[in-house]
Amino acid sequence: MGIKQTLDVINAMEREGVIERYAIGGAVAAYNYIEPAVTEDLDIFVSFKSSGRSGLLTLEPLFAYLRSRGYTEFRKEGVMVEGWPVQFLPISDPLDEEAVEQAEAVDIKANGGQVSARVMTPEHLVALALSVGRAKDFARIIQFLQEKAVNLKRLKSIVEQHLLLVKWRSFCAKTGTRDPLVTK
């Protein structure tokens, strides 16, 4: 059991049409760009094929797929898949959508081999952390900045495009961070 096997299941969900596209977000995605942080789950942002219907989105087909393969245990917000609690997060706004569309294909090495997966870009991870705005999100943003793991020009474009400039300035003020998006 491990992340490779977990991602094998998620990749199968995409191949079999249960989900249209996915990208890893959160601490596991950040691990590809900055020093690792402790995490308790795997955040998977998912998109679904448009069915032409309006109304509420249901995750039931996703959970039915997992149940049919024996994944029925939940821990906190996630369903246990090969030892990892996986939190499936449907795309809810244009920032999520862009982050999934622009996610980068990476090969993740883990016990048990290697697996291909899509991981959000560092700039999208920072923008998403900014939009959520918890203390741990701010700490992760600071880490991305300190480790120079983001392209500041690209981050500025994303922050402006998704109307996060006020939140960005608030983040800088609250954390005492010199605004790296301001050009001289």
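Between M120 and L128, some side-chain heavy-atom pair lies under the 4.5 Å cut-off. Contact annotation: the side chain of R140 approaches that of I34 to within less than 4.5 Å [non-hydrogen atoms, C-beta and beyond]. In this structure, the side chains of V150 and L145 come closer than 4.5 Å at one or more pairs of heavy atoms. When side chains are defined from C-beta on, I141 does not count as touching T175, because their heavy atoms never get closer than 4.5 Å. Taking the side chain as every heavy atom from C-beta outward, W168 and V126 approach each other to under 4.5 Å. Q5 has its side chain out of reach of W84: every pair of non-hydrogen atoms, C-beta onward, lies at least 4.5 Å apart.
Applying the ring pair (Phe, Tyr, Trp, His ring centres under 6.0 Å) definition to pairs two or more places apart or across chains, none involves residues 88-130. The stretch residues 139-165 participates, sequence neighbours left out, in no ring pair (Phe, Tyr, Trp, His ring centres under 6.0 Å) pair at all.
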Let me have the donor-acceptor pairs involving side chains of residues 152-160, under 3.5 Å, with sequence neighbours excluded, atom names and distances please.
unit_1 : atom_1 : unit_2 : atom_2 : d
R154   : NH1    : E123   : OE1    : 2.9
R154   : NH2    : Q102   : OE1    : 2.7

Distance-only check: which donor-acceptor pairs under 3.5 Å involve side-chain atoms of residues 22-32, not counting sequence neighbours?
unit_1 : atom_1 : unit_2 : atom_2 : d
Y22    : OH     : N11    : OD1    : 2.5
N32    : ND2    : A29    : O      : 3.4

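Shown here are the ring pair (Phe, Tyr, Trp, His ring centres under 6.0 Å) partners of F63, two or more places apart in sequence or in another chain: F74. Under the side chain to side chain donor-acceptor pair (under 3.5 Å) criterion, E14 pairs with R118, sequence neighbours left out.
Within a 6.0 Å radius of CZ in R75, other residues, nucleotides and ligands contribute 12 heavy atoms or fewer. Within 6.0 Å of the CD atom in E40, the count of heavy atoms belonging to other residues, nucleotides or ligands does not exceed 12.
In summary, E97 and R21 do not engage in a salt bridge, as defined by a charged side-chain N under 4.0 Å from a carboxylate O.
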